[in-house]
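Each remark here refers to the structure printed beneath this line.
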Amino acid sequence: MHDHRANQKDAYALILEAIDSHIYKPGDRLVESELAERFGVSRTPIREALQRLETQSLLTRDGRSLIVASLDHSQLSELYVVRGELEGLAARLAARHATPEEIKVLRDMLEDDKGLVGNPDALSRANRRFHKQIHLASHNRFLVQQLDLVHRSMALLATTSIAAEGRGDQTLKEHAAIVAAIEAGDGEAADQALRDHISKAFITRLKLDAQAVEAAE
Ligand SMILES: [Zn+2]
């Protein structure tokens, strides 16, 4: 038997990861027994994890069922505003506080991620790692926590904007500009470069959503 507390944490992390990697998409129904079977975890920790995810608004009720929540247009805009501000702040602080080793990791990521253009899923994961690395390089734990919250809500977006035509290449160019500013210790430029990056990602997402509406009509 597993320790219950470890189990609960595992169940939560497993379900969150499944939402994040779009195994479960917004609107999908989550059934306790199916999750227990899929993850090989008993039902109690699954139930506790589902409650926690519901409290965090990642799951919502549809009658008696729990479904993966989705973001409406206003929530999407609100999320991107907060994301731009917080990510910009992280870049600004990283320009001040990043160690040479942390900058080296960012540089290596830029290099490695070039091989992922054309593979949107892998590039999307690499993008998350890249941003997480900047968050950590800010050396501000409260900011890292807030950004974790923002990124958890990003899991509720059904598609990645990186999948859009030409966006992969562009993403990496924008990342390079961010790293250059952090490396130069220019907080102002790093902040601006990251805000620009988030703004362009948001524009891409709005265009994708517009196309999806058109396709559905
Ligand atoms: Zn990015």
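Atoms within each ligand, like the ligands themselves, are counted from 1 in listed order. Note that the structure is a prediction, hence the values are computed from the model and not measured.
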Self-check item: H139/E102 under side chain to side chain donor-acceptor pair (under 3.5 Å): CA gap, chis, key distance, verdict
Solution: CA-CA 11 Å; H139 291 264; E102 285 168 333; 2.8 Å; yes
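- Minimum interatomic distance between H135 and V144 (heavy atoms only, all atoms of both residues): O-CG2, 3.4 Å.
- Side-chain contact between R107 and E183: present, with at least one pair of heavy atoms (C-beta onward) separated by less than 4.5 Å.
- For the residue pair H22 and D121, no side-chain donor N or O sits within less than 3.5 Å of a side-chain acceptor on the partner.
- H131 contributes NE2 as its N, O or S atom closest to the Zn ion (ligand 1).
- Backbone or side-chain N, O or S atoms of N127 reach the Zn ion (ligand 1) at under 2.8 Å.
- Per residue H197, closest N, O or S atom to the Zn ion (ligand 1): atom name NE2.
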